[in-house]
K.L.:
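This structure is in structure tokens; I'll ask about it shortly.
Heavy atoms only: backbone and side chains are in, while hydrogens, waters and symmetry mates are out.
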Amino acid sequence: MSTTPHFGTTHALATTDTKPSETPDPGRILDLAGIGIGPFNLSLAALAQPLTHLRTAFYDQRPAFHWHPGLLIDGATLQVPFLADLVTLADPTSPWSFLSYLRTRERLYPFYFAERFHIHRAEYDAYCRWVSESLTGLHFSHQIEALRWNTEHHLFEVDFTQLGTEGGAEALGRVHARNLVLGIGTAPYIPEALRPLVEAPTVPVIHSADYLDHREQLLTAEHITVIGAGQSGAEIFLDLLRARPFGREQLHWLARTPAFAPMEYSKLGLEHFTPDYTRYFHALPETVRDDLVPGQWQLYKGIDHDTLAAIHDELYRRTLHGGWPDATLTPGVSVRTAGRIGPGKIELHLDHTQQATRSRLTTAAVILATGYRERRVDTLLAALEPYLCRDTAGRPRIDEQHRLVLDPAVTGSLYVQNAERHSHGVGTPDLSLAAWRSATILNSLSSTPPYPLPTRTAFTTFGLHQPATRPTTPIPRPTTTLVPRP
């Protein structure tokens, strides 16, 4: 545990075991319970820590915080500036900023002279872990079993299992909360055609999320195929390329996109990741939003310019003494089916979109850099299903302040983090909006906003009738009543 002093009086109550019909102890009721402790809920917990009028607690089934450990490739950097830490864009004076972390490590001067705007992924992971070990009110090794709305006491009930060091159940518990926030993150996406191979333990087909765990084994494979044209696919291809012998690289990089395209990183393009654009997008009709997101893939699925340059430089370096590297880069291709054709051999059946042709590729290992999808919350929210309002596509409706739209019988609020791309746009999973969204949630839970937010954040005016500025006064649900802490 870090020796950094704790701030505020936020804490959790993790051992209650009452029956639904029993009256909860008013002194033990949480104002906000968080499910999941990834960067977004960690941001919320950090900004909530000094707010003495809110009692908060956060739970995660993992034993400790880790951020994409399988992708902390040496030298890989974040695609957002260091100012997009957990708190700075809402509260630059917070003790939980990245610069505060550097100060505790006596690294402010080295960072200053390094002149780095984009920090290493491993450094961001270490920073978040420092925050998670310093805050009170974070409870790891707590597996959430059920969420319910108690109609008698007008509270959410959260049932959990406390896990031991070996992952076994040690105790059952329940907490009551006036409001909930889901921050359960995303899960690796496996294309249907490749799912049977991933599930077979003897076949070297892995998702990029597990890359570092299998890197040494993969490097022994005769031929390796990387599937996916996003940042993870590019970083893994570059790492493999650098590690393979000259002239015997035997690498193939496949992508569905029509090109290995750079991420949109122009200054005005980045304004799609501002609160202004998020509000504009949320106000659009549902059908317009659904049509808009797929066409914006380069805003969040493209590749960093420096990574593309490094790949080209490495490929070029391997031509200096004549010949071409044994590395094939093919965009515009999808995998139709796949299967084993013998020990250590996998056959991929490929479709080329523009040529309308088909081919087969034999490889010894496959790395799926196929991204992530929002985790389904249907099981977790099963008991709340009667209260959920859904859009025409069956997705939960989410209001401007990141709350699920619920039946008026539920007087508490249920917030979501990184589960609202369909309603809030491409900035939903972006770290740069973490502090703003956390502040928005905390402001909506407070009679006086603890974190005043800017009325304007972009030079672009995204709609003809969008006002130049927007009010930041929270708009709480009319039926929500918060009781100050004793």
K.L.:
For this output row, return yes or no: ring centroids of Y189 and Y372 closer than 6.0 angstrom.
P.N.:
no
K.L.:
Does I303 offer a backbone N or O that forms a donor-acceptor pair with the side chain of T307 under 3.5 Å?
P.N.:
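Looks like no, no N/O pair under 3.5 Å.
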K.L.:
Parallel, tilted or perpendicular, judged at 30° and 60°: which one describes the rings of H139 and H142?
P.N.:
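Geometry flag for H142 against H139: perpendicular rings.
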K.L.:
Give the minimum heavy-atom separation between A46 and W96, together with the two atoms involved.
P.N.:
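Heavy-atom minimum between the residues: O-CD1, 3.6 Å.
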K.L.:
Mark yes or no for whether N179, through its side chain, and L32, through its backbone, hold a donor-acceptor pair below 3.5 Å.
P.N.:
no
K.L.:
For R397, I'd like to know if atom CZ has over 12 heavy atoms of other residues, nucleotides or ligands within 6.0 Å.
P.N.:
no
K.L.:
Would a distance-only check, ignoring hydrogens and angles, find a side-chain to backbone donor-acceptor pair under 3.5 Å from H422 to P396?
P.N.:
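Looks like yes, one N/O pair under 3.5 Å.
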K.L.:
Are R55 and D31 ion-paired here, with the side-chain N under 4.0 Å from a carboxylate O?
P.N.:
no
K.L.:
Under 30°, 30 to 60°, or over 60°: which ring-plane class applies to Y124 and W67, parallel, tilted or perpendicular?
P.N.:
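Perpendicular.
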K.L.:
Report the C-alpha separation of D85 and Y101 in whole Å, then their side-chain angles, then the decisive distance to 0.1 Å, and conclude whether the side chain to side chain contact (heavy atoms under 4.5 Å, CB included) test is met.
P.N.:
CA-CA 11 Å; D85 61 16; Y101 162 73; over 6 Å; no
K.L.:
Would you mind checking if E235 and R121 are paired as a salt bridge, meaning a charged N to carboxylate O distance below 4.0 Å?
P.N.:
yes
K.L.:
Between the side chains of H349 and T337, is a donor N or O closer than 3.5 angstrom to an acceptor N or O?
P.N.:
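On atom types as modelled, these side chains qualify, holding a pair under 3.5 Å.
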K.L.:
Taking all atoms of both residues into account, what is the closest heavy-atom pair of S232 and L71, and its distance?
P.N.:
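Where S232 meets L71 most closely, the heavy atoms are OG-CD1, 3.6 Å.
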K.L.:
Using atom types as modelled and distance alone, determine if a side-chain donor or acceptor of N150 lies under 3.5 Å from a backbone N or O of L155.
P.N.:
no
K.L.:
So, does T428 use its side chain to make a donor-acceptor pair with the main chain of G425 at under 3.5 Å?
P.N.:
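Yes: the side chain of T428 pairs with the backbone of G425.
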K.L.:
Mark yes or no for whether R456, through its side chain, and A458, through its backbone, hold a donor-acceptor pair below 3.5 Å.
P.N.:
yes
K.L.:
Could you tell me which non-hydrogen atom of W149 sits nearest to which non-hydrogen atom of A409, and how far apart they are?
P.N.:
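Heavy atoms only, the tightest pair is NE1-O, 3.5 Å.
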K.L.:
Would you call the rings of F160 and Y59 parallel, tilted or perpendicular, where under 30° means parallel and over 60° means perpendicular?
P.N.:
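Parallel.
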K.L.:
With sequence neighbours left out, write down each residue that passes salt bridge (Lys or Arg N to Asp or Glu O under 4.0 Å) with E271, or none if nothing qualifies.
P.N.:
none
K.L.:
Would you say Q162 and S141 are linked by a side-chain donor-acceptor pair, where the criterion is simply a distance under 3.5 Å?
P.N.:
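Per modelled atom types, S141 and Q162 side chains form no pair under 3.5 Å.
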K.L.:
What is the distance from atom OG of S132 to atom CZ of R62, rounded to the nearest 0.5 Å?
P.N.:
9.0 Å
K.L.:
Will you find, in the side chains of S444 and Q401, an N or O donor that is under 3.5 Å from an N or O acceptor?
P.N.:
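Not at all, the side chains of S444 and Q401 share no donor-acceptor pair under 3.5 Å.
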K.L.:
Would a 4.5 Å heavy-atom cut-off, applied to side chains only, mark R289 and F281 as touching?
P.N.:
yes
K.L.:
Tell me yes or no: between the side chains of S43 and S438, is some donor less than 3.5 Å from an acceptor?
P.N.:
yes
K.L.:
Would you say S97 and S94 are linked by a side-chain donor-acceptor pair, where the criterion is simply a distance under 3.5 Å?
P.N.:
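No, no side-chain donor-acceptor pair sits under 3.5 Å.
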K.L.:
Is a side-chain donor or acceptor of H207 paired with a backbone partner of A209 at a separation under 3.5 angstrom?
P.N.:
yes
K.L.:
Any chance you could lay out the salt bridge (Lys or Arg N to Asp or Glu O under 4.0 Å) test for D430 and R437, step after step, and finish with the verdict?
P.N.:
CA-CA 11 Å; D430 198 87; R437 180 167 51 198; over 6 Å; no
K.L.:
Under the criterion side chain to side chain contact (heavy atoms under 4.5 Å, CB included), I'd like the reasoning laid out for I346 against V205: C-alpha separation, chi angles, the key distance, then a yes or no.
P.N.:
CA-CA 9 Å; I346 302 165; V205 180; 3.5 Å; yes
K.L.:
Taking F462's backbone N and O only, do any of them form a donor-acceptor pair with T460's side chain (distance below 3.5 Å, no angle check)?
P.N.:
no
K.L.:
Determine whether the side chains of T363 and T225 contain a donor N or O and an acceptor N or O closer than 3.5 Å.
P.N.:
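There is such a pair (donor and acceptor under 3.5 Å, judged by atom type) between the side chains of T363 and T225.
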K.L.:
Considering non-hydrogen atoms only, spot the tightest contact between V426 and Q296 and give its length.
P.N.:
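Where V426 meets Q296 most closely, the heavy atoms are CG1-OE1, 3.1 Å.
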K.L.:
In the structure I gave you, are the side-chain heavy atoms of T278 and L433 within less than 4.5 Å of one another anywhere?
P.N.:
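Answer yes - side chains close enough.
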K.L.:
Taking all non-hydrogen atoms of both residues, which atom of A45 and which atom of F58 are closest, and how far apart?
P.N.:
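In this case the closest contact between A45 and F58 is CB-CE1, 3.5 Å.
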K.L.:
Is the backbone of H424 close enough, under 3.5 Å, to the side chain of H402 for a donor and an acceptor to pair up by distance?
P.N.:
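Here the side-chain-to-backbone pair does not exist.
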K.L.:
CZ of R256: more than 12 outside heavy atoms within 6.0 angstrom?
P.N.:
no
K.L.:
If every non-hydrogen atom of P450 is compared with every non-hydrogen atom of L51, which pair is closest and at what distance?
P.N.:
CB-CD2, 3.6 Å
K.L.:
Do side-chain atoms of H272 reach the backbone of G269 as a donor and acceptor pair under 3.5 angstrom?
P.N.:
yes
